[in-house]
Structure formats: C-alpha cells, structure tokens
2 protein chains.
Amino acid sequence: MREPPSSAPEGSLIDPEVHVESFRQAREARRLELVEDYVELIADLIGDGGEARQVDIAARLGVAQPTVAKMLKRLAEDGLVQQRPYRGVFLTAAGEALAAQSRERHRIVERFLCAVGVSPETARRDAEGIEHHVSAETLDAFRRFADGHSDA
Amino acid sequence: MREPPSSAPEGSLIDPEVHVESFRQAREARRLELVEDYVELIADLIGDGGEARQVDIAARLGVAQPTVAKMLKRLAEDGLVQQRPYRGVFLTAAGEALAAQSRERHRIVERFLCAVGVSPETARRDAEGIEHHVSAETLDAFRRFADGHSDA
DNA sequence: GCATAAGTATAGCTATTGCTATAACTGCGC
DNA sequence: GCGCAGTTATAGCAATAGCTATACTTATGC
Ligand SMILES: [Mn+2]
Ligand SMILES: [Mn+2]
Ligand SMILES: [Mn+2]
Ligand SMILES: [Mn+2]
C-alpha cells in the first residue's frame with residue numbers, strides 16, 4: 001500500500017482501486033437480489049392466478065410467512081408494491097417495471113446457460129443466483145449467443 | 001396450493017417444490033460468498049507480498065477495517081484462517097483448499113465471459129458476483145467452451 | 001349466522017454484515 | 001529507549017434477513 005502502481009511484479013493482484021470496484025458492484029447486486037426476486041415472483045403469481053398471497057410467495061421462496069410479511073412492508077415503503085390488509089399484494093407501476101426487467105434478464109440468462117450446454121434443471125437453479133450479477137453488457141453478449149444458437 | 005400439479009395451465013409458473021430449490025440454492029450460495037472472497041483474497045495477498053494484513057484486505061474489499069477484523073474472527077472460528085494478534089492472517093489447510101478451489105472457479109468464469117464476447121473490464125466485475133452461483137456442471141460447460149475458443 | 005379453517009399481522013428473538021469512534025499494541029526512526 | 005505512525009482490537013450502533021409463537025381477520029361450509 002505504500003508503493004507506486006508499477007513496482008511489485010510478483011503476484012496475481014491487480015490495482016487495489018480497480019479491484020475494489022468489482023467487490024462494490026457485487027455487494028450492490030446482492031443488496032438488490034431479494035427485491036428483484038420478490039417483484040418477479042409477485043408478477044408471475046398474479047399472471048398465473050390473478051393474485052399473490054403471502055403463503056404462496058413463502059412456499060415458492062422457501063421461507064416462513066412472517067419473513068414475507070416483513071419484506072412486503074419494505075417493498076411497500078419503497079413504492080414497489082401496494083398491499084391491502086388481509087387481501088393480496090399488487091405491484092405499482094415501478095414494481096411492474098422492475099419485475100418485467102428482472103424477468104426478462106432471468107429468462108435470457110437461463111436460456112443462455114442451456115445454449116452453452118448446461119442441462120435445463122441446472123440452468124434453472126444456477127440462473128436464480130447468476131441473474132442478479134449480470135450487467136447490461138454481459139446480458140447483451142448472452143442474448144446474442146443464445147440467439148445465434150437456437151434452431152429457430 | 002390446493003390443487004394437484006396439473007390443473008392450472010395458464011401461467012409461466014413451475015411446480016412450487018421445484019421452484020423453491022432454486023431459491024434455496026441461491027440463498028446458500030449467498031451465505032458462502034463472503035467466505036470464499038475472503039480466503040481467495042487472503043491467498044492472493046500472501047502470494048503477492050508474503051502477508052495478508054487487515055488494512056489491505058479492507059482496501060481491496062472496499063469495507064472498513066473493523067468489518068474485516070470481525071470476519072477474520074469468524075473465519076478463525078470456522079478453522080479457515082489462523083491469526084496472530086497484530087501480525088497478519090494465515091490460511092489453514094482447509095482455508096488453502098477453499099481458496100484454491102474458489103480462485104480456480106473465479107478464473108474459469110472470468111475467462112469464459114471474455115470468450116463469449118464480454119470486455120475484460122466487465123468480465124472482471126461481473127465474475128466477482130457470478131462465480132459464487134456457478135455449479136459444478138455449469139463450471140464444466142464454461143471450461144469446455146473457453147477451452148474451445150482460445151487461440152492456443 | 002356461526003364454527004372453523006385459512007390466511008395475515010405482530011412481537012420478539014438471532015445471525016450477518018456493515019459502520020464510526022476509540023483504545024491498545026508494534027515496529028521503526030532517530 | 002522513546003516517540004510516533006501504522007495497524008489491530010474493541011465497543012456500540014443499524015439495517016437486513018431469517019426464525020417461532022401467537023393473535024387477529026377473513027372466508028367458507030353447513
Ligand atoms: Mn429471477
Ligand atoms: Mn434470483
Ligand atoms: Mn473470487
Ligand atoms: Mn466473488
């Protein structure tokens with residue numbers, strides 16, 4: 001930490017200021033993961049059955065219902081959902097927009113993994129985590145690749 | 001939640017028991033992210049300068065030094081590192097093993113992203129988050145693809 | 001219309017991951 | 001050998017994300 005950038009050529013380490021950017025980006029993505037998964041799931045549940053209820057969200061996410069209740073409160077505070085007490089939860093315009101974007105990115109990542117030779121089951125599972133860390137540039141590359149490798 | 005698997009064909013939703021597996025896997029990966037990043041970084045710092053000091057770890061991760069101190073205590077409890085007070089931190093055999101595995105996976109993911117057309121800078125940044133969600137099967141696919149697309 | 005089941009809300013707990021402020025220690029320079 | 005800069009340790013706080021237990025509300029069957 002006390003030498004100019006070009007004096008220690010021994011290891012595999014890059015410049016600290018550059019290195020830290022990657023970790024910051026990953027932390028920011030991790031911070032948004034849950035929110036993205038929630039609005040995407042809520043949109044899917046509403047599209048599937050007309051309503052998104054806490055118990056169904058909890059069952060799909062694999063968490064307890066009070067955990068969902070608390071998160072929905074936060075999403076409501078953030079203006080992404082609107083909940084009517086003892087009725088379901090609905091997406092605001094902002095929530096719809098984030099859900100659409102998240103769903104599209106999710107779909108592209110999963111399709112790309114399949115295109116590169118991963119089995120559908122593994123692609124489904126890995127995509128659930130990978131999606132949140134895929135930047136716009138990488139998403140473009142994934143889309144191009146998948147498009148070029150579909151038999152349509 | 002009260003109907004047999006094949007009765008509501010309207011939406012894009014898969015079986016809840018299948019769906020939940022993806023979310024559980026992503027949560028588990030998220031739980032291990034920090035640990036993997038720490039041991040990998042510690043291994044790199046030791047390889048580069050012979051020692052891993054809290055201030056350097058903190059600077060690379062972009063967090064405060066007490067945050068690193070607390071995490072190192074946890075890693076020591078978990079048997080991954082050994083710290084000597086006011087000296088640096090060192091990896092145990094278990095820590096070395098996890099570091100080697102994490103670094104290799106990280107390297108493959110980054111190389112793969114480049115091979116698929118992502119710029120080196122974006123590949124570096126996205127790989128920092130993506131790596132933790134890549135299963136063994138997907139890693140194999142990435143490795144195969146990158147090997148087939150290197151000009152060596 | 002009432003009992004009961006299903007769903008939701010709330011309280012209170014824990015663990016994790018971050019922070020700032022400050023104290024304590026080590027190693028060097030002189 | 002002492003002082004001081006650098007490093008590490010510790011205390012205390014906050015936000016997030018999970019849990020169980022329990023109370024409350026709604027919907028449904030009869
Ligand atoms: Mn998703
Ligand atoms: Mn996801
Ligand atoms: Mn890594
Ligand atoms: Mn990482």
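Proteins come first, then strands; the chains are lettered A, B, ... in the order of their sequence lines, and each starts at number 1.
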**Asked** Quick one: salt bridge (Lys or Arg N to Asp or Glu O under 4.0 Å) partners of Arg31(B), sequence neighbours excluded?
**Response** Glu28(B)

Does anything in [range] pair up under salt bridge (Lys or Arg N to Asp or Glu O under 4.0 Å), and if so which pairs, sequence neighbours excluded?
{"range": "residues 62-82 of chain A", "value": "none"}
{"range": "residues 121-132 of chain B", "value": "Glu21(A)-Arg125(B)"}
{"range": "residues 95-108 of chain B", "value": "Glu36(B)-Arg105(B), Asp44(B)-Arg103(B), Glu104(B)-Arg107(B)"}

Just the rounded figure in Å: distance from [atom2] of [N] to [atom1] of [X].
{"X": "Asp37(B)", "N": "dT16(C)", "atom1": "CG", "atom2": "C1'", "answer": "15 Å"}
{"X": "Met71(B)", "N": "dA15(C)", "atom1": "CE", "atom2": "P", "answer": "15 Å"}
{"X": "Arg24(B)", "N": "dA17(D)", "atom1": "CZ", "atom2": "C1'", "answer": "15 Å"}
{"X": "Lys73(A)", "N": "dT8(C)", "atom1": "NZ", "atom2": "C1'", "answer": "10 Å"}

**Item:** Which nucleotide in dG7(C), dT8(D), dA9(C) has an atom nearest any side-chain atom of Arg53(A)
**Value:** dG7(C)

Would you tabulate the nitrogen or oxygen pairs shorter than 3.5 Å linking the protein to nucleotides 19-23 of chain C?
| from | atom 1 | to | atom 2 | distance (Å) |
| --- | --- | --- | --- | --- |
| dC19(C) | OP2 | Ala64(B) | N | 2.7 |
| dC19(C) | OP2 | Thr67(B) | OG1 | 2.7 |

**Asked** More 5' along DNA chain D: Arg87(A) or Arg31(A), using each one's nearest nucleotide?
**Response** Arg31(A)

**Complete:** So, with a heavy-atom separation below 4.0 Å from DNA chain C, the residues of residues 74-85 of chain B are Arg74(B)

**Test: Arg144(B) and Asp147(B) ion pair at under 4.0 Å** = no

